[in-house]
Amino acid sequence: MRNGPVRSLLVKSALATLIIAGVAGAGPAQAAGCRNSGSFEGWLDGFRKEARADGISRSTIRSALGNVTFDPRVVKRDRSQGVFSQSFLKFASRMINKNRLGNGRARLKKHRALFKKVEQRYGVPGAVIAAFWGLETDFGGNMGDFSVLRSLATLAYDCRRPDKFRPQLMDALRLLENGDLRLSEMVGAWAGEIGQTQFLPTEYNKFAIDFDGDGKRNLRRSLPDVLASTANVIRHFGWQAGQPWLREVRVPRDLPWQEADIAIKHPVSQWAKWGVKRANGKALRADNTPASLVLPMGRNGPAFLAYPNFGIYLEWNHSLVYTTTAAYFATRLAGARPVSQGNGKASPLTGGQMKQLQSILHRRGYDVGKIDGVLGAGTRAAVKAMQLKLGMPADSYPTVALLNRLR
Ligand code: CA
């Protein structure tokens, strides 16, 4: 997935802000125009000494960093990541195409015993792991072809975020030093992610599991290691075994829409009282499980209840469209039917209209974050506040009707 917008979900969530917040368009202001003062070679000499002091052997340092050079392609990638502005339905249909869905199902079937063993050990269902596996690398088919050491050395040297990538480079050396990976296996995505579910070296060191018992944690070649390690990260983020994560629902036309917010939780029984039903129209099992109502395209679009386990997706990424798509993919692999289009026609604003709306909201004193034409959490919150002020259904989703009222 190194060319797509969904990248390295788990590892990036572990780093919290690294790629999604840091690289994807919203880098720290002071870094945007920064300059490197010394040469790459001089910097690398310093790093080699630090690695030695950190206990990495001379031979590992020599073989790993002996001939490493600066890679301008990596910096170019890092600085030119596009912003993301597709609607949920569009994005979901692209990411969860027939091919990927079929592949996912086939793998779940083929490796049923292994998935079962992993679930028994870590409590994470196969469908959830397989969805990440499919989105990250198309089930190991596209793990990237960049030299991990070269990429990480380049990013650690580059003035933008050396504090993030220097430890990653050190941990990449540790993976070699302790024998998990061979030098020839240090190949991955442009930002240094490795393996079938794209771990950055620090998370690799921290979370990878030798599940096939051969003494090495190989997230490129060993499927048992890949699946168990991925489950281990998911569990680390708080996954509760046996609990749902996301479920499509049907919403009535007269819901208190302002309650539909990923930050607001109500017991399922309360949602049921408000008329929320299962996707098939039957009653929800009205228990006390806290859930948020997620409307990625507003009250006329698809609707989901997000349960506590959905939190692991939010660890990964703050974009409602990304997270809902990944979680929805897992529900499809677990047997859910295709999502309905919702109550009516949810027509997303164009990028230009979104920018215009953001500017208007900004001028009126609402914090929309960056005026970038992207529907992020800040813009959703500002839209909701404005909808409440105007007495419109406050579903946080910007429409042409709202834009016209403000113009
Ligand atoms: Ca192994």
Side-chain angles (χ1 to χ4, degrees), residues 1-2 7-15 55-57 59-60 63-64 103-104 106-149 151-152 167-189 191-237 239 241 312 316:
M1 289 313 300
R2 67 198 159 80
R7 304 177 59 260
S8 304
L9 49 162
L10 300 167
V11 292
K12 268 147 203 164
S13 50
L15 291 178
I56 311 287
S57 68
S59 63
T60 296
S63 63
N103 269 338
R107 311 243 168 185
L108 279 167
K109 202 170 161 189
K110 184 175 169 196
H111 306 291
R112 184 177 298 168
L114 176 58
F115 275 111
K116 200 176 158 194
K117 205 172 144 197
V118 168
E119 180 169 8
Q120 277 166 353
R121 175 73 180 80
Y122 298 97
V124 183
V128 170
I129 303 167
F132 281 134
W133 186 25
L135 289 173
E136 282 298 310
T137 64
D138 260 327
F139 310 101
N142 180 13
M143 294 190 270
D145 53 8
F146 279 77
S147 155
V148 165
L149 293 159
S151 284
L152 291 175
Q168 293 293 344
L169 181 58
M170 196 65 81
D171 277 317
L173 295 182
R174 288 195 182 98
L175 289 173
L176 290 168
E177 183 83 4
N178 65 26
D180 283 321
L181 293 170
R182 291 198 299 261
L183 190 57
S184 61
E185 293 172 315
M186 296 298 273
V187 177
E193 304 94 333
I194 305 166
Q196 302 195 23
T197 46
Q198 303 273 278
F199 279 46
L200 274 166
T202 298
E203 285 63 47
Y204 200 125
N205 270 314
K206 200 166 162 193
F207 296 115
I209 304 285
D210 172 23
F211 205 61
D212 62 10
D214 71 347
K216 298 179 197 308
R217 303 175 301 169
N218 194 315
L219 300 188
R220 286 185 63 85
R221 295 165 198 255
S222 164
L223 191 58
D225 292 6
V226 168
L227 301 184
S229 302
T230 307
N232 190 35
V233 175
I234 294 170
R235 186 181 64 168
H236 172 79
F237 288 142
W239 186 271
I312 69 123
W316 161 38

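Just so it is clear, the structure is predicted and the values come from calculations on it, not from any experiment. Counting convention: from 1, in listed order, for ligands and their atoms alike.
A side chain to side chain donor-acceptor pair (under 3.5 Å) with R217 is found for exactly one of D225, D180, D212, namely D180.
Within D210, the N, O or S atom at minimum distance from the Ca ion (ligand 1) carries the name OD1. Nearest N, O or S atom of D214 to the Ca ion (ligand 1): atom OD1. Here the N, O or S atom of D225 that is nearest to the Ca ion (ligand 1) is OD2. For D212, the N, O or S atom closest to the Ca ion (ligand 1) goes by the atom name OD1.
Taking backbone and side chain together, G215 holds no N, O or S atom under 3.0 Å from the Ca ion (ligand 1).
Between A208 and S229, the shortest heavy-atom contact is CA-OG, 3.4 Å.
Using a 4.5 Å cut-off on side-chain heavy atoms (C-beta onward), L149 and L169 make contact. Counting only heavy atoms from C-beta outward, the side chains of E136 and E193 never approach each other to under 4.5 Å.
Classification of the F199-Y204 ring pair by plane angle, with boundaries at 30° and 60°, yields perpendicular.
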